[in-house]
Amino acid sequence: MKGCFLLIVGAVFGAVILVMVQAFVTKPSPLPAAASSNADLIILFRNEFLTRTLKAQLGQVGNGMNFDRVVVQGEADQTLVLVGTASTRAVSVSVPIRITLRPSVSNNRIGIQVVRAELGALTLPGQLFSQIEGPINDQINTSLASASYRIVNVSTTVDGLVVDVVLTN
C-alpha cells in the first residue's frame with residue numbers, strides 16, 4: 001500500500017513540475033519580424049507551401065537520389081531549414097539530411113543559396129535545393145500580374161518565407 005501511495009504522489013509531483021517548467025522556463029515561439037515601413041504588400045509563403053513545392057521539384061529531378069519525409073521550416077534567423085532523409089537507388093540505406101538555405105533578393109527576384117549541408121557521407125549539389133525559388137517567383141508574378149511591383153525585402157519567420165513588395169505605378 002505504501003508503494004502505491006508513493007507512486008501516485010510521485011506522478012502528481014512530476015506532473016506539477018512539468019507544468020511549471022512549461023509555463024515558466026520554456027520560451028514562447030518568436031513573433032514574426034516587423035514589416036519594413038516602405039512595403040505595400042507582405043506575402044507569406046507558409047512552410048507547408050514551401051514543403052509541397054520542394055517535394056514537387058525533387059520529384060522532377062532525375063539525379064539518382066530519393067528523398068523521403070522532406071520538410072521545409074522557416075527560422076527566425078533569416079534561414080530556411082530543410083530536413084528529411086536521402087538515399088540513392090544503388091544503396092538501400094537512408095541518411096538523415098539537414099540543409100540550411102538563405103533567401104535573398106536580386107534583380108527583383110527571390111534567390112535561394114545553400115548555406116550548409118549536413119548529410120553524412122553523401123554530397124548534394126547546391127543547385128538541387130535552389131530550384132524552390134522558381135515556383136516562389138512564379139507565384140509572385142502570377143499574383144501581381146496586373147501590377148508593377150518591386151521586391152524590397154525577404155525574410156523568414158517560424159511560419160515561413162516573408163516577401164515585402166512595393167507597388168510601383
Query raised in the report: Are Asp159 and Arg46 side-chain neighbours, meaning at least one heavy-atom pair lies under 4.5 Å?
Result: yes
Query raised in the report: Do you know which two heavy atoms are closest between Asp77 and Arg102, and how far apart they sit?
Result: O-NH1, 3.7 Å
Report task. To the nearest 0.5 angstrom, please state how far the OH atom of Tyr149 sits from the CG atom of Leu41. Result -> 11.0 Å
Report task. State whether the side chain of Asp68 and the backbone N or O of Thr85 hold a donor-acceptor pair below 3.5 Å, judged by distance alone. Result -> no
Query raised in the report: Taking all non-hydrogen atoms of both residues, which atom of Arg109 and which atom of Asn141 are closest, and how far apart?
Result: NH1-ND2, 4.0 Å
Query raised in the report: Is there a side-chain contact between Thr156 and Val162 (heavy atoms, below 4.5 Å)?
Result: no
Query raised in the report: For the atom pair CG (Leu144) and CZ (Arg150), what is the distance rounded to the nearest 0.5 Å?
Result: 13.5 Å
Requested in this report: Spell out, as yes or no, whether a donor-acceptor pair under 3.5 Å connects the side chain of Asn137 to the backbone of Asn108.
Outcome: no
Requested in this report: Check whether any side-chain N or O of Asp40 sits under 3.5 Å from a backbone N or O of Leu167 as a donor-acceptor pair, and report yes or no.
Outcome: yes
Query raised in the report: What are the two closest non-hydrogen atoms of Pro103 and Thr79, and how far apart are they?
Result: CD-CA, 4.4 Å
Report summary line: Going by chain and number, the hydrophobic cluster around Val81 (ILVMFWY, side chain to side chain under 4.5 Å) further includes Val71, Val83
Report task. Rounded to the nearest 0.5 Å, what's the gap from CD1 on Ile151 to CD1 on Ile140? Could you check? Result -> 4.0 Å
Query raised in the report: Hey, any chance Leu101 and Val115 share a hydrophobic cluster, counting ILVMFWY side chains that come within less than 4.5 Å of each other, even indirectly?
Result: no
**Report entry** CD1 on Ile136 to CD1 on Ile112, rounded to 0.5 Å
**Finding:** 5.0 Å
**Report entry** Between CZ on residue Arg69 and OG1 on residue Thr51, distance to nearest 0.5 Å
**Finding:** 14.0 Å
**Report entry** Shortest non-hydrogen contact between Ser104 and Gln113, atoms and distance
**Finding:** OG-NE2, 3.2 Å
Query raised in the report: To the nearest 0.5 Å, how far apart are CG in Leu82 and CD in Gln73?
Result: 11.0 Å
Query raised in the report: Is any side-chain heavy atom of Thr53 closer than 4.5 Å to a side-chain heavy atom of Phe45?
Result: no
Requested in this report: Might you point out which heavy atoms bring Gly74 and Asn47 nearest each other, and give the distance in Å?
Outcome: N-OD1, 2.9 Å
**Report entry** Distance-minimising heavy-atom pair for Ala39 and Asp164
**Finding:** CB-CB, 3.7 Å
